Visitor: 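So that we are looking at the same thing, I have put the structure below in C-alpha coordinates.
Scope of the values below: all heavy atoms of this structure, side chains included, with no hydrogens, waters or symmetry mates. Please read all numbers here as calculations on a predicted model, not as lab measurements. Chain letters run A, B, ... following the sequence lines, proteins first and then strands; every chain starts at 1.
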There are 2 protein chains.
Amino acid sequence: MSENLAPDSSLQQQMETFEETCRTADLKLTHQRLEIYRELARATDHPSAETLHTRLQKSLPTLSLDTVYRTLATFEQHHLVKKVQTVDSQAHFEAQMSQHHHVICDSCKEIMDFHWNSFDSTPLPEDLRQWGAIRNKNVTIHGTCRKCQDVKAGKKPA
Amino acid sequence: MSENLAPDSSLQQQMETFEETCRTADLKLTHQRLEIYRELARATDHPSAETLHTRLQKSLPTLSLDTVYRTLATFEQHHLVKKVQTVDSQAHFEAQMSQHHHVICDSCKEIMDFHWNSFDSTPLPEDLRQWGAIRNKNVTIHGTCRKCQDVKAGKKPA
DNA sequence: TTCTCGGTAAGAATTATTCTTATTTGCATA
DNA sequence: TATGCAAATAAGAATAATTCTTACCGAGAA
(Lines give C-alpha, C1' and ligand atoms only; values in the text may rest on other atoms or scores of the structure.)
Protein backbone atom coordinates (compact mmCIF):
# COMPACT_ATOMS: atom_id res chain seq x y z
CA MET A 1 0.00 0.00 0.00
CA SER A 2 2.91 2.36 0.66
CA GLU A 3 4.23 1.44 -2.76
CA ASN A 4 2.56 2.66 -5.91
CA LEU A 5 2.78 6.29 -4.87
CA ALA A 6 4.16 9.24 -6.79
CA PRO A 7 6.22 11.87 -4.95
CA ASP A 8 4.17 14.43 -3.03
CA SER A 9 5.74 17.58 -4.39
CA SER A 10 4.69 16.97 -7.98
CA LEU A 11 1.23 15.84 -6.88
CA GLN A 12 0.56 19.31 -5.50
CA GLN A 13 1.52 20.78 -8.84
CA GLN A 14 -0.52 18.24 -10.75
CA MET A 15 -3.65 18.98 -8.72
CA GLU A 16 -3.33 22.67 -9.52
CA THR A 17 -3.00 21.98 -13.22
CA PHE A 18 -6.01 19.68 -12.93
CA GLU A 19 -8.14 22.34 -11.26
CA GLU A 20 -7.07 24.89 -13.80
CA THR A 21 -7.99 22.60 -16.69
CA CYS A 22 -11.40 21.89 -15.15
CA ARG A 23 -12.16 25.57 -14.75
CA THR A 24 -11.14 26.29 -18.32
CA ALA A 25 -13.25 23.39 -19.59
CA ASP A 26 -16.28 24.35 -17.48
CA LEU A 27 -16.06 21.17 -15.46
CA LYS A 28 -17.40 21.63 -11.96
CA LEU A 29 -14.87 20.94 -9.24
CA THR A 30 -16.77 18.39 -7.23
CA HIS A 31 -15.37 16.59 -4.23
CA GLN A 32 -15.69 13.30 -6.15
CA ARG A 33 -13.75 14.57 -9.16
CA LEU A 34 -10.97 15.95 -7.01
CA GLU A 35 -10.62 12.75 -5.02
CA ILE A 36 -10.82 10.46 -8.06
CA TYR A 37 -8.19 12.49 -9.87
CA ARG A 38 -5.95 12.71 -6.81
CA GLU A 39 -6.17 8.97 -6.23
CA LEU A 40 -5.24 8.21 -9.83
CA ALA A 41 -2.45 10.79 -9.85
CA ARG A 42 -1.00 9.27 -6.67
CA ALA A 43 -1.10 5.76 -8.11
CA THR A 44 1.71 4.37 -10.20
CA ASP A 45 0.05 1.03 -10.88
CA HIS A 46 -2.49 1.92 -13.57
CA PRO A 47 -5.59 0.94 -11.59
CA SER A 48 -8.96 -0.08 -13.01
CA ALA A 49 -12.15 1.84 -12.26
CA GLU A 50 -13.05 -0.82 -9.72
CA THR A 51 -9.69 -0.64 -7.97
CA LEU A 52 -9.94 3.14 -7.72
CA HIS A 53 -13.46 2.80 -6.36
CA THR A 54 -12.24 0.41 -3.67
CA ARG A 55 -9.35 2.70 -2.72
CA LEU A 56 -11.72 5.63 -2.42
CA GLN A 57 -14.13 3.87 -0.07
CA LYS A 58 -12.36 5.39 2.93
CA SER A 59 -12.51 9.00 1.81
CA LEU A 60 -15.81 8.77 -0.09
CA PRO A 61 -17.91 5.97 1.40
CA THR A 62 -20.96 6.73 -0.73
CA LEU A 63 -19.11 7.07 -4.03
CA SER A 64 -20.74 4.95 -6.72
CA LEU A 65 -18.75 2.87 -9.16
CA ASP A 66 -20.72 4.48 -11.95
CA THR A 67 -19.38 7.87 -10.94
CA VAL A 68 -15.84 6.54 -11.18
CA TYR A 69 -16.49 5.27 -14.71
CA ARG A 70 -18.32 8.42 -15.77
CA THR A 71 -15.70 10.69 -14.25
CA LEU A 72 -12.80 8.84 -15.84
CA ALA A 73 -14.55 9.04 -19.20
CA THR A 74 -15.01 12.79 -18.75
CA PHE A 75 -11.37 13.19 -17.75
CA GLU A 76 -10.30 11.19 -20.78
CA GLN A 77 -12.28 13.45 -23.12
CA HIS A 78 -10.48 16.41 -21.63
CA HIS A 79 -7.09 14.70 -21.89
CA LEU A 80 -6.64 14.62 -18.14
CA VAL A 81 -6.23 10.86 -18.00
CA LYS A 82 -5.52 8.06 -20.46
CA LYS A 83 -6.95 4.58 -20.88
CA VAL A 84 -4.08 2.12 -21.04
CA GLN A 85 -4.20 -0.41 -23.87
CA THR A 86 -4.21 -3.96 -22.54
CA VAL A 87 -5.77 -7.31 -23.39
CA ASP A 88 -7.50 -7.31 -19.99
CA SER A 89 -11.26 -7.27 -19.72
CA GLN A 90 -11.09 -4.41 -17.23
CA ALA A 91 -9.81 -1.07 -18.49
CA HIS A 92 -6.80 0.47 -16.78
CA PHE A 93 -6.14 4.19 -16.33
CA GLU A 94 -3.29 6.61 -15.72
CA ALA A 95 -3.00 10.32 -15.01
CA GLN A 96 0.55 10.46 -16.32
CA MET A 97 0.15 12.33 -19.61
CA SER A 98 3.75 12.93 -20.65
CA GLN A 99 5.39 10.68 -23.23
CA HIS A 100 6.25 7.25 -21.86
CA HIS A 101 5.90 3.54 -22.59
CA HIS A 102 4.69 0.42 -20.79
CA VAL A 103 6.16 -2.91 -19.70
CA ILE A 104 3.56 -5.48 -18.75
CA CYS A 105 4.25 -8.64 -16.77
CA ASP A 106 2.15 -11.39 -18.32
CA SER A 107 2.26 -13.27 -15.07
CA CYS A 108 1.19 -10.73 -12.41
CA LYS A 109 -0.27 -8.25 -14.93
CA GLU A 110 1.65 -5.37 -13.37
CA ILE A 111 2.06 -2.43 -15.73
CA MET A 112 5.12 -0.21 -15.35
CA ASP A 113 6.09 3.01 -17.07
CA PHE A 114 9.44 3.56 -18.70
CA HIS A 115 11.06 6.27 -20.78
CA TRP A 116 12.91 5.87 -24.05
CA ASN A 117 14.00 9.21 -25.47
CA SER A 118 16.03 7.82 -28.33
CA PHE A 119 12.96 5.92 -29.54
CA ASP A 120 10.76 8.98 -29.11
CA SER A 121 12.98 10.97 -31.43
CA THR A 122 13.40 8.26 -34.07
CA PRO A 123 11.47 8.97 -37.26
CA LEU A 124 8.84 6.47 -38.35
CA PRO A 125 9.39 4.13 -41.30
CA GLU A 126 8.89 5.78 -44.66
CA ASP A 127 5.78 3.89 -45.79
CA LEU A 128 3.84 5.00 -42.71
CA ARG A 129 4.10 8.67 -43.58
CA GLN A 130 1.40 8.37 -46.20
CA TRP A 131 -0.99 6.47 -43.92
CA GLY A 132 -2.46 9.66 -42.44
CA ALA A 133 -1.89 12.01 -39.52
CA ILE A 134 0.01 10.35 -36.71
CA ARG A 135 -0.80 11.49 -33.20
CA ASN A 136 1.50 9.34 -31.09
CA LYS A 137 3.65 6.25 -31.10
CA ASN A 138 4.12 3.96 -28.13
CA VAL A 139 6.05 0.87 -27.24
CA THR A 140 4.54 -1.93 -25.20
CA ILE A 141 6.78 -4.63 -23.87
CA HIS A 142 5.56 -7.98 -22.60
CA GLY A 143 7.47 -10.42 -20.47
CA THR A 144 7.87 -11.74 -16.95
CA CYS A 145 9.03 -9.39 -14.21
CA ARG A 146 11.88 -10.25 -11.88
CA LYS A 147 9.53 -10.94 -8.97
CA CYS A 148 7.50 -13.48 -10.93
CA GLN A 149 10.65 -15.11 -12.30
CA ASP A 150 11.90 -15.59 -8.74
CA VAL A 151 8.60 -17.08 -7.62
CA LYS A 152 8.73 -19.57 -10.49
CA ALA A 153 12.31 -20.43 -9.59
CA GLY A 154 11.15 -21.12 -6.03
CA LYS A 155 13.10 -18.27 -4.48
CA LYS A 156 11.95 -16.49 -1.35
CA PRO A 157 11.00 -12.83 -1.74
CA ALA A 158 13.62 -10.40 -0.40
CA MET B 1 -15.55 -7.65 -48.79
CA SER B 2 -12.99 -8.33 -51.48
CA GLU B 3 -10.59 -6.20 -49.48
CA ASN B 4 -9.15 -7.45 -46.21
CA LEU B 5 -7.87 -10.67 -47.73
CA ALA B 6 -4.40 -12.15 -47.58
CA PRO B 7 -2.88 -13.74 -50.71
CA ASP B 8 -4.09 -17.28 -51.42
CA SER B 9 -0.72 -18.97 -51.83
CA SER B 10 0.45 -18.27 -48.29
CA LEU B 11 -2.95 -19.20 -46.87
CA GLN B 12 -2.51 -22.75 -48.14
CA GLN B 13 0.83 -22.90 -46.35
CA GLN B 14 -0.60 -21.38 -43.20
CA MET B 15 -3.42 -23.92 -43.05
CA GLU B 16 -0.94 -26.75 -43.24
CA THR B 17 1.13 -25.31 -40.42
CA PHE B 18 -2.08 -24.88 -38.46
CA GLU B 19 -3.13 -28.49 -38.94
CA GLU B 20 0.33 -29.69 -38.04
CA THR B 21 0.32 -27.63 -34.83
CA CYS B 22 -3.11 -28.97 -33.87
CA ARG B 23 -2.02 -32.56 -34.37
CA THR B 24 1.10 -32.01 -32.30
CA ALA B 25 -0.92 -30.33 -29.54
CA ASP B 26 -3.63 -33.02 -29.55
CA LEU B 27 -6.26 -30.57 -30.70
CA LYS B 28 -8.94 -32.27 -32.75
CA LEU B 29 -9.28 -30.93 -36.26
CA THR B 30 -12.95 -30.08 -36.25
CA HIS B 31 -14.75 -28.43 -39.11
CA GLN B 32 -15.43 -25.39 -36.88
CA ARG B 33 -11.78 -24.95 -35.90
CA LEU B 34 -10.62 -25.21 -39.48
CA GLU B 35 -13.15 -22.68 -40.70
CA ILE B 36 -12.59 -20.24 -37.84
CA TYR B 37 -8.85 -20.35 -38.33
CA ARG B 38 -9.12 -20.03 -42.10
CA GLU B 39 -11.43 -17.06 -41.79
CA LEU B 40 -9.07 -15.29 -39.40
CA ALA B 41 -6.02 -16.12 -41.50
CA ARG B 42 -7.74 -14.71 -44.59
CA ALA B 43 -8.67 -11.49 -42.82
CA THR B 44 -6.31 -8.56 -42.62
CA ASP B 45 -8.60 -6.38 -40.54
CA HIS B 46 -8.17 -7.88 -37.05
CA PRO B 47 -11.80 -8.90 -36.58
CA SER B 48 -13.61 -9.41 -33.28
CA ALA B 49 -15.15 -12.73 -32.29
CA GLU B 50 -18.53 -11.38 -33.26
CA THR B 51 -17.34 -10.22 -36.68
CA LEU B 52 -15.81 -13.61 -37.36
CA HIS B 53 -19.03 -15.28 -36.25
CA THR B 54 -21.02 -13.14 -38.68
CA ARG B 55 -18.64 -13.88 -41.55
CA LEU B 56 -18.88 -17.60 -40.86
CA GLN B 57 -22.70 -17.69 -40.95
CA LYS B 58 -22.62 -18.70 -44.61
CA SER B 59 -20.26 -21.64 -44.26
CA LEU B 60 -21.36 -22.68 -40.75
CA PRO B 61 -24.96 -21.57 -40.18
CA THR B 62 -25.26 -23.30 -36.81
CA LEU B 63 -21.92 -22.09 -35.39
CA SER B 64 -22.40 -20.56 -31.96
CA LEU B 65 -20.68 -17.36 -30.88
CA ASP B 66 -19.49 -19.20 -27.81
CA THR B 67 -17.58 -21.64 -29.98
CA VAL B 68 -15.84 -18.74 -31.70
CA TYR B 69 -14.76 -17.32 -28.34
CA ARG B 70 -13.75 -20.71 -26.96
CA THR B 71 -11.88 -21.65 -30.10
CA LEU B 72 -10.00 -18.37 -30.29
CA ALA B 73 -9.01 -18.77 -26.63
CA THR B 74 -7.74 -22.27 -27.36
CA PHE B 75 -5.82 -21.03 -30.39
CA GLU B 76 -4.31 -18.25 -28.31
CA GLN B 77 -3.06 -20.69 -25.69
CA HIS B 78 -1.35 -22.62 -28.43
CA HIS B 79 0.12 -19.46 -29.97
CA LEU B 80 -1.87 -19.88 -33.16
CA VAL B 81 -3.54 -16.49 -32.89
CA LYS B 82 -3.00 -13.30 -30.92
CA LYS B 83 -5.36 -10.95 -29.15
CA VAL B 84 -4.63 -7.41 -30.30
CA GLN B 85 -4.25 -4.76 -27.59
CA THR B 86 -6.80 -1.99 -27.99
CA VAL B 87 -8.94 0.24 -25.80
CA ASP B 88 -12.06 -1.21 -27.41
CA SER B 89 -14.59 -3.16 -25.40
CA GLN B 90 -14.55 -5.95 -27.97
CA ALA B 91 -11.35 -7.95 -28.31
CA HIS B 92 -9.70 -8.12 -31.74
CA PHE B 93 -7.75 -11.07 -33.10
CA GLU B 94 -5.12 -11.86 -35.71
CA ALA B 95 -3.54 -15.03 -37.07
CA GLN B 96 -0.42 -13.18 -38.20
CA MET B 97 2.19 -14.37 -35.72
CA SER B 98 5.39 -12.94 -37.19
CA GLN B 99 6.89 -9.76 -35.77
CA HIS B 100 4.93 -6.66 -36.77
CA HIS B 101 3.34 -3.53 -35.34
CA HIS B 102 -0.02 -1.77 -35.47
CA VAL B 103 -1.36 1.60 -36.62
CA ILE B 104 -4.84 2.36 -35.35
CA CYS B 105 -7.13 5.03 -36.75
CA ASP B 106 -8.88 6.65 -33.79
CA SER B 107 -11.68 7.72 -36.08
CA CYS B 108 -12.69 4.55 -37.97
CA LYS B 109 -10.90 2.18 -35.55
CA GLU B 110 -9.20 0.38 -38.43
CA ILE B 111 -6.11 -1.53 -37.35
CA MET B 112 -3.31 -1.99 -39.87
CA ASP B 113 -0.09 -3.97 -39.68
CA PHE B 114 3.29 -2.52 -40.51
CA HIS B 115 6.88 -3.68 -40.34
CA TRP B 116 9.81 -1.85 -38.82
CA ASN B 117 12.98 -3.91 -38.95
CA SER B 118 15.31 -1.23 -37.68
CA PHE B 119 13.17 -0.88 -34.56
CA ASP B 120 13.00 -4.64 -34.11
CA SER B 121 16.77 -4.86 -33.99
CA THR B 122 17.30 -1.85 -31.70
CA PRO B 123 18.32 -2.83 -28.17
CA LEU B 124 16.08 -1.78 -25.31
CA PRO B 125 17.04 1.01 -22.91
CA GLU B 126 19.54 -0.06 -20.27
CA ASP B 127 17.32 0.24 -17.20
CA LEU B 128 14.79 -2.21 -18.63
CA ARG B 129 17.26 -5.07 -18.78
CA GLN B 130 16.94 -5.66 -15.06
CA TRP B 131 13.14 -5.59 -15.09
CA GLY B 132 12.87 -9.29 -15.94
CA ALA B 133 12.63 -11.54 -18.98
CA ILE B 134 11.35 -9.69 -22.00
CA ARG B 135 9.30 -11.69 -24.47
CA ASN B 136 8.45 -9.11 -27.12
CA LYS B 137 8.30 -5.40 -27.84
CA ASN B 138 5.72 -3.77 -30.05
CA VAL B 139 4.91 -0.34 -31.33
CA THR B 140 1.36 0.96 -31.51
CA ILE B 141 0.67 4.12 -33.42
CA HIS B 142 -2.50 6.16 -33.10
CA GLY B 143 -3.75 8.80 -35.47
CA THR B 144 -6.24 9.49 -38.22
CA CYS B 145 -5.98 7.55 -41.48
CA ARG B 146 -5.99 9.25 -44.86
CA LYS B 147 -9.56 8.16 -45.61
CA CYS B 148 -10.93 9.71 -42.41
CA GLN B 149 -8.90 12.88 -42.93
CA ASP B 150 -10.47 13.27 -46.36
CA VAL B 151 -13.97 12.73 -44.99
CA LYS B 152 -13.39 15.43 -42.38
CA ALA B 153 -12.08 17.78 -45.06
CA GLY B 154 -15.29 17.17 -47.03
CA LYS B 155 -13.58 15.40 -49.91
CA LYS B 156 -15.32 12.73 -51.94
CA PRO B 157 -13.84 9.23 -51.72
CA ALA B 158 -11.77 8.18 -54.76
C1' DT C 1 -17.90 -50.13 -37.01
C1' DT C 2 -17.69 -49.06 -32.37
C1' DC C 3 -15.98 -46.63 -28.43
C1' DT C 4 -14.37 -42.77 -25.99
C1' DC C 5 -13.40 -38.30 -24.86
C1' DG C 6 -12.89 -33.82 -26.28
C1' DG C 7 -15.76 -30.44 -28.82
C1' DT C 8 -20.06 -28.21 -29.77
C1' DA C 9 -24.74 -25.70 -29.39
C1' DA C 10 -28.02 -23.47 -26.64
C1' DG C 11 -29.19 -20.98 -23.21
C1' DA C 12 -28.15 -19.38 -18.55
C1' DA C 13 -24.82 -16.86 -15.88
C1' DT C 14 -21.20 -13.58 -15.02
C1' DT C 15 -18.48 -9.49 -15.53
C1' DA C 16 -17.62 -4.90 -17.05
C1' DT C 17 -19.68 -0.88 -18.28
C1' DT C 18 -23.48 2.37 -19.29
C1' DC C 19 -28.14 4.24 -18.93
C1' DT C 20 -32.35 6.18 -16.37
C1' DT C 21 -34.26 8.78 -12.98
C1' DA C 22 -34.72 11.24 -8.89
C1' DT C 23 -31.92 13.94 -5.95
C1' DT C 24 -28.08 16.84 -4.74
C1' DT C 25 -24.51 20.26 -5.29
C1' DG C 26 -21.26 23.78 -7.36
C1' DC C 27 -21.32 28.15 -8.35
C1' DA C 28 -23.19 32.34 -10.66
C1' DT C 29 -26.13 35.98 -9.36
C1' DA C 30 -29.36 38.61 -6.53
C1' DT D 1 -25.98 35.15 2.68
C1' DA D 2 -30.01 33.36 -0.03
C1' DT D 3 -31.74 31.56 -4.58
C1' DG D 4 -31.91 29.25 -8.98
C1' DC D 5 -30.41 26.21 -12.27
C1' DA D 6 -27.67 23.32 -14.96
C1' DA D 7 -24.49 19.89 -14.22
C1' DA D 8 -23.15 16.02 -11.38
C1' DT D 9 -24.24 12.20 -8.44
C1' DA D 10 -26.26 7.69 -6.36
C1' DA D 11 -28.89 3.74 -6.91
C1' DG D 12 -30.52 0.43 -9.33
C1' DA D 13 -31.90 -1.23 -13.86
C1' DA D 14 -30.14 -2.25 -18.35
C1' DT D 15 -26.82 -3.57 -21.85
C1' DA D 16 -22.72 -5.62 -23.95
C1' DA D 17 -19.07 -8.84 -24.02
C1' DT D 18 -17.61 -12.99 -22.56
C1' DT D 19 -17.80 -17.43 -20.07
C1' DC D 20 -20.07 -21.37 -17.85
C1' DT D 21 -23.28 -25.53 -17.64
C1' DT D 22 -25.26 -29.33 -19.55
C1' DA D 23 -26.60 -32.63 -22.78
C1' DC D 24 -25.55 -34.19 -27.17
C1' DC D 25 -22.33 -35.12 -31.05
C1' DG D 26 -18.50 -36.44 -33.98
C1' DA D 27 -13.16 -37.07 -34.73
C1' DG D 28 -10.10 -40.33 -34.61
C1' DA D 29 -8.19 -44.51 -32.20
C1' DA D 30 -8.81 -49.51 -31.86
Side-chain angles (χ1 to χ4, degrees), chain A residues 15 18-40 46-54 56-57 59-78 80-93 109, chain B residues 15 18-40 46-54 56-57 59-78 80-93 109:
Chain A
M15 288 308 298
F18 167 73
E19 294 184 24
E20 180 54 31
T21 307
C22 283
R23 272 189 289 269
T24 311
D26 266 312
L27 291 179
K28 289 188 179 166
L29 280 171
T30 66
H31 189 197
Q32 289 89 332
R33 284 181 175 166
L34 280 162
E35 290 305 309
I36 291 171
Y37 184 83
R38 191 198 318 281
E39 193 64 42
L40 186 57
H46 313 79
S48 65
E50 203 182 1
T51 303
L52 277 175
H53 181 246
T54 304
L56 288 162
Q57 288 299 327
S59 49
L60 293 170
T62 67
L63 179 70
S64 78
L65 179 55
D66 180 71
T67 297
V68 180
Y69 275 112
R70 197 169 8 80
T71 301
L72 288 172
T74 304
F75 288 170
E76 202 190 5
Q77 282 162 23
H78 291 277
L80 287 162
V81 311
K82 272 196 290 201
K83 210 180 257 190
V84 180
Q85 280 197 178
T86 65
V87 290
D88 269 31
S89 51
Q90 283 196 154
H92 293 263
F93 296 87
K109 310 297 174 193
Chain B
M15 288 308 298
F18 167 73
E19 295 184 23
E20 180 54 31
T21 306
C22 285
R23 270 188 291 269
T24 311
D26 267 311
L27 292 178
K28 288 189 181 166
L29 279 171
T30 66
H31 189 198
Q32 288 90 333
R33 286 182 174 166
L34 279 161
E35 290 306 307
I36 291 170
Y37 185 83
R38 191 199 319 281
E39 194 63 43
L40 185 57
H46 313 79
S48 65
E50 202 181 2
T51 303
L52 276 175
H53 181 244
T54 304
L56 288 162
Q57 288 300 328
S59 48
L60 295 170
T62 67
L63 179 70
S64 78
L65 179 56
D66 180 71
T67 296
V68 180
Y69 275 112
R70 196 166 12 79
T71 302
L72 288 172
T74 304
F75 288 170
E76 203 190 5
Q77 282 163 24
H78 291 275
L80 285 161
V81 310
K82 272 196 289 202
K83 211 179 256 191
V84 180
Q85 279 196 179
T86 64
V87 291
D88 269 30
S89 49
Q90 283 195 153
H92 292 263
F93 296 87
K109 310 297 175 194

Visitor: Please figure out whether Leu29(B) or Tyr69(B) has its closest DNA chain D nucleotide nearer the 5' end.
Guide: Tyr69(B)
Visitor: Is the shortest heavy-atom distance from the side chain of Phe93(B) to the side chain of His46(B) under 4.5 Å?
Guide: no
Visitor: What is the distance, rounded to the nearest whole Å, between atom CD of Glu35(A) and atom P of dT25(C)?
Guide: 16 Å
Visitor: Please determine whether side chain to side chain contact (heavy atoms under 4.5 Å, CB included) holds for the pair Thr67(A) and Leu60(A), giving the CA-CA distance in whole Å, both sets of side-chain angles, and the decisive distance to 0.1 Å.
Guide: CA-CA 11 Å; Thr67(A) 297; Leu60(A) 293 170; over 6 Å; no
Visitor: Which whole-number value in Å describes the distance from His31(A) NE2 to dC27(C) P?
Guide: 13 Å
Visitor: For the side chain of Gln90(B), counting heavy atoms from C-beta on, which of dC5(C), dC27(C), dA17(D) is nearest?
Guide: dA17(D)
Visitor: Write down the distance between CG (Leu60(B)) and C1' (dG26(D)), rounded to a whole number of angstrom.
Guide: 14 Å
Visitor: Students often get this wrong, so: under 4.0 angstrom with heavy atoms, is Ala91(B) touching a base, only sugar-phosphate, or nothing?
Guide: sugar-phosphate
Visitor: How many Å lie between NZ on Lys28(A) and C1' on dT24(C), as a whole number?
Guide: 11 Å
Visitor: Heavy-atom distance under 4.5 Å between the side chains of Phe18(A) and Val81(A), does that happen here?
Guide: no
Visitor: Closest-nucleotide mapping onto DNA chain D: is Leu65(B) or Thr30(B) further toward the 5' terminus? I mean the 5' end.
Guide: Leu65(B)
Visitor: With DNA chain C as reference, determine whether Asp66(B) or Glu50(A) sits nearer its 5' end, using the nearest nucleotide of each.
Guide: Asp66(B)
Visitor: With nearest nucleotides of DNA chain C determined for Phe93(A) and Leu27(B) from heavy-atom distances, which residue corresponds to the more 5′ nucleotide?
Guide: Leu27(B)
Visitor: Between Leu72(A) and Leu40(A), does the side chain to side chain contact (heavy atoms under 4.5 Å, CB included) criterion hold? Intermediate values first, please.
Guide: CA-CA 10 Å; Leu72(A) 288 172; Leu40(A) 186 57; 4.0 Å; yes
Visitor: Could you state the CZ-C1' distance from Phe75(A) to dA7(D), rounded to the nearest angstrom?
Guide: 14 Å
Visitor: Can you check whether Gln32(B) has a side-chain N or O nearer than 4.0 Å to OP1 or OP2 of dG26(D)?
Guide: no
Visitor: How close or far is atom P of dA16(C) from atom CG of Leu72(A), stated in whole angstroms?
Guide: 15 Å
Visitor: Under 4.0 Å from OP1 or OP2 of dA8(D): is there any side-chain N or O of Arg70(A) that close?
Guide: no
Visitor: When you get a sec, tell me which of dA10(D), dA16(C), dT18(D) is the closest nucleotide to the side chain of Ser64(A)?
Guide: dA10(D)
Visitor: Given dA10(C), dT9(D), dT8(C), which nucleotide is nearest the side-chain atoms of Arg33(A)?
Guide: dT9(D)
Visitor: Between dT17(C), dG11(C), dA10(D), which nucleotide has the shortest distance from any of its atoms to the side chain of Leu63(A)?
Guide: dA10(D)
Visitor: Within the distance-only criterion (no hydrogens, no angle test), does the side chain of Arg33(A) pair as donor or acceptor with the backbone N or O of Lys28(A) below 3.5 angstrom?
Guide: yes
Visitor: Carefully, step by step, assess Thr71(B) and Gln32(B) under the rule side chain to side chain contact (heavy atoms under 4.5 Å, CB included).
Guide: CA-CA 9 Å; Thr71(B) 302; Gln32(B) 288 90 333; 5.6 Å; no
Visitor: Among dT9(D), dT8(C), dG11(C), which nucleotide sits nearest the side chain of Thr67(A)?
Guide: dT9(D)
Visitor: Does Asp26(B) reach a base, just sugar-phosphate, or nothing at all? Heavy atoms under 4.0 Å.
Guide: nothing
Visitor: In whole angstrom, what separates Asp88(B)'s CG from dA16(C)'s C1'?
Guide: 14 Å
Visitor: To the nearest angstrom, how far is Gln77(A) atom CD from dA8(D) atom P?
Guide: 11 Å
